[in-house]
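Here the structure is laid out as structure tokens; the discussion comes afterwards.
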There are 2 protein chains.
Amino acid sequence: MDRRQQKTRKAIFDAFSTLLERKNFNNITVQEIIDEANVGRSTFYAHFETKESLLKAMCIDIFQHVFSDDLSQESSHDFSHAGHDFHKELTHILYHLQDNRKNLKGLLSCDSGEIFMEYFKEYLEQTFPIYIKELHYDVPPDYLLNHFVCSFSETVRWWITKHEQYTPEQIAAFYVQCVMIK
Amino acid sequence: MDRRQQKTRKAIFDAFSTLLERKNFNNITVQEIIDEANVGRSTFYAHFETKESLLKAMCIDIFQHVFSDDLSQESSHDFSHAGHDFHKELTHILYHLQDNRKNLKGLLSCDSGEIFMEYFKEYLEQTFPIYIKELHYDVPPDYLLNHFVCSFSETVRWWITKHEQYTPEQIAAFYVQCVMIK
DNA sequence: TATGTTATCATACACTTTGTTCTATATTTA
DNA sequence: TAAATATAGAACAAAGTGTATGATAACATA
């Protein structure tokens, strides 16, 4: 990739991130991003079709780091250890998210929040099934998956936006305690 | 209230509802609402400041019906009956929501979904505490409340948008089973 | 019924934002 | 070095927003 493209892309990402700390996604204009990034108008549109494309690209960027080294490949998944592995995987994800908390606070603000959460859930829907497939609830399987996925993503939102004082381990413990019937 | 105002308000609400069935909130323009409602431009702005105000007004309208006759006033709240009352209250809310499912499907579509969900959660946050105050989890109280509220609102979204075949009783049962540790 | 009040309509308007197109310039790659 | 490519900057059309105006119609009330 051309160094110029890399620099431009980074400048736009950084500018977007800076703006997200100050204001809602919907109230940020392309012009502001351009000014903050110190980049030409046509240059921005050479990289991203719309403001939404930029948001999506940033989400994908974050999730690539969070879900790249997949713990589910590393550890055993006997039924007996399922709870323990699940807890480990969650903590792992939470640590990666904590590294991005500066960006996440902006992404989770009001309007862009829904978009971020949608992508987040997509990843979780791929990750969670192996951990909950052994559970026997009397509910439709896709309801159960939705419940686990939504509860966790909302836990993350609760943590990042309002309760940063807790550690990833604590957050994982809160979640598991509420969601796992013993 | 002037009959003309009532008629205009209803026309705008109906138009908005119709448009929400066809397209996302963010892609609906004020001009489209005006055309569909067959109402003058300045008339629209005499009623609502922005498109978002209209959305908010519609949400409030729905929730007024859903949460108006508050079951929590009617029934006993001994600890022993808490579970039963909670189930009854949930079913009651779900029936009201089912009556509005035509509007809700539109409101829950992508972009406006977040806004609807926010208001919905505000109401639930007022309704739920009495039902969960007796539960003793080792998690922060506001995390627990957030967990119950989010799980239920996401249950509603799951139901309205994708699984309308279930009855309110079934949905309430799914939720309670997943959320209540026995 | 007569009268003052108020909501509506239609139009026009200034303003903001968007996304495209163009050319000259600078940077990169081979 | 030469060809290819990314950028800056400006200009542009198009779409949407919210406001202001005066004429008309519907309303409430005495």
Side-chain angles (χ1 to χ4, degrees), chain A residues 1-61 106-107 109-115, chain B residues 1-61 106-107 109-115:
Chain A
M1 197 190 201
D2 199 312
R3 281 178 218 153
R4 289 171 295 182
Q5 285 188 56
Q6 293 177 39
K7 278 165 71 176
T8 298
R9 192 178 165 90
K10 184 178 185 320
I12 293 173
F13 267 56
D14 289 347
F16 188 49
S17 176
T18 302
L19 290 169
L20 278 172
E21 288 177 50
R22 291 208 292 272
K23 51 201 299 193
N24 279 345
F25 173 73
N26 278 356
N27 294 328
I28 296 174
T29 65
V30 174
Q31 191 60 53
E32 286 175 303
I33 300 172
I34 287 167
D35 292 342
E36 180 73 32
N38 197 27
V39 145
R41 183 165 195 74
S42 50
T43 303
F44 176 88
Y45 282 105
H47 281 258
F48 304 100
E49 281 191 354
T50 64
K51 210 175 57 174
E52 282 72 20
S53 308
L54 169 58
L55 176 58
K56 180 169 186 171
M58 186 170 250
C59 289
I60 290 172
D61 210 61
L107 286 180
S109 78
C110 188
D111 302 316
S112 60
E114 184 74 341
I115 303 174
Chain B
M1 197 191 202
D2 200 311
R3 283 178 220 153
R4 291 170 294 182
Q5 286 187 57
Q6 293 177 39
K7 277 166 71 177
T8 298
R9 192 177 165 91
K10 183 176 185 319
I12 292 174
F13 267 57
D14 288 347
F16 187 49
S17 176
T18 301
L19 290 170
L20 277 173
E21 288 179 50
R22 290 208 292 272
K23 50 199 300 192
N24 278 343
F25 174 73
N26 279 357
N27 295 327
I28 296 173
T29 65
V30 173
Q31 190 60 53
E32 286 175 305
I33 300 171
I34 288 167
D35 292 343
E36 180 72 32
N38 197 26
V39 147
R41 182 164 196 75
S42 48
T43 303
F44 176 89
Y45 282 106
H47 282 257
F48 304 100
E49 282 191 353
T50 63
K51 210 175 58 174
E52 282 73 20
S53 308
L54 169 57
L55 176 58
K56 180 169 184 170
M58 186 170 252
C59 287
I60 290 171
D61 211 61
L107 287 180
S109 78
C110 187
D111 301 317
S112 59
E114 184 73 340
I115 303 173

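Quick note on labels: first sequence line is chain A, next is B, and so on, each numbered from 1. None of the values given here were measured: they were computed from a predicted structure.
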Which atoms form the tightest heavy-atom contact between Gly40(B) and Ile34(B), and what is the distance?
-> C-CG2, 4.3 Å
Once you build an axis from the first five pairs and another from the last five of the helix from dT1(C)-dA30(D) to dA30(C)-dT1(D), how far apart in angle are they, to 10 degrees?
-> 40°
Nucleotide dG9(D), atom P - distance to CZ of Phe44(A) in whole Å | 17 Å
Quickly work out the Ile34(A) CD1 to dT20(C) C1' distance and round it to whole Å.
-> 13 Å
Nucleic acid footprint by protein, nucleotides 15-29 of chain D - heavy-atom cut-off 4.0 Å, B for base, S for sugar-phosphate alone = -SBBBB----BBSS-
Has Lys56(B) got more than 12 heavy atoms of other residues, nucleotides or ligands less than 6.0 Å from its NZ?
-> no
Using a 4.5 Å cut-off on heavy atoms from C-beta on, say whether the side chain of Glu32(B) contacts that of Arg22(B).
-> no
Work out which heavy atom in Thr50(B) is nearest to a heavy atom in Phe44(B); give both atom names and the distance.
-> O-CZ, 4.3 Å
Determine the contact category for Asn38(B): base if any of its heavy atoms lies under 4.0 Å from a base atom, sugar-phosphate if only primed atoms, P, OP1 or OP2 are that close, otherwise nothing.
-> sugar-phosphate
Please identify each residue that fulfils salt bridge (Lys or Arg N to Asp or Glu O under 4.0 Å) with Asp61(B), with sequence neighbours left out.
-> none
Does the side chain of His47(B) get closer than 4.0 angstrom to OP1 or OP2 of dT8(C) through an N or O atom?
-> yes
Using the side chain to side chain donor-acceptor pair (under 3.5 Å) rule, collect all pairs that involve residues 37-47 of chain A, keeping only residues at least two apart or in two chains.
-> Gln31(A)-Arg41(A)
Non-neighbouring partners of Glu52(B) that pass salt bridge (Lys or Arg N to Asp or Glu O under 4.0 Å), sequence neighbours left out = none
Side-chain N,O (Thr43(A)) to OP1/OP2 (dA6(D)) below 4.0 Å = no
In whole angstroms, the gap separating C1' of dT18(C) from CG of Leu54(A) amounts to 15 Å
Check whether any side-chain N or O of Thr18(B) sits under 3.5 Å from a backbone N or O of Asp14(B) as a donor-acceptor pair, and report yes or no.
-> yes
When rounded to whole Å, the CG to P distance for the pair Asp35(A) and dT18(C) reads 12 Å
Which residues pass the salt bridge (Lys or Arg N to Asp or Glu O under 4.0 Å) test with Arg4(B), sequence neighbours left out?
-> Asp2(B)
Here the distance between atom C1' of dA6(D) and atom NZ of Lys10(A), to the nearest Å, is 19 Å
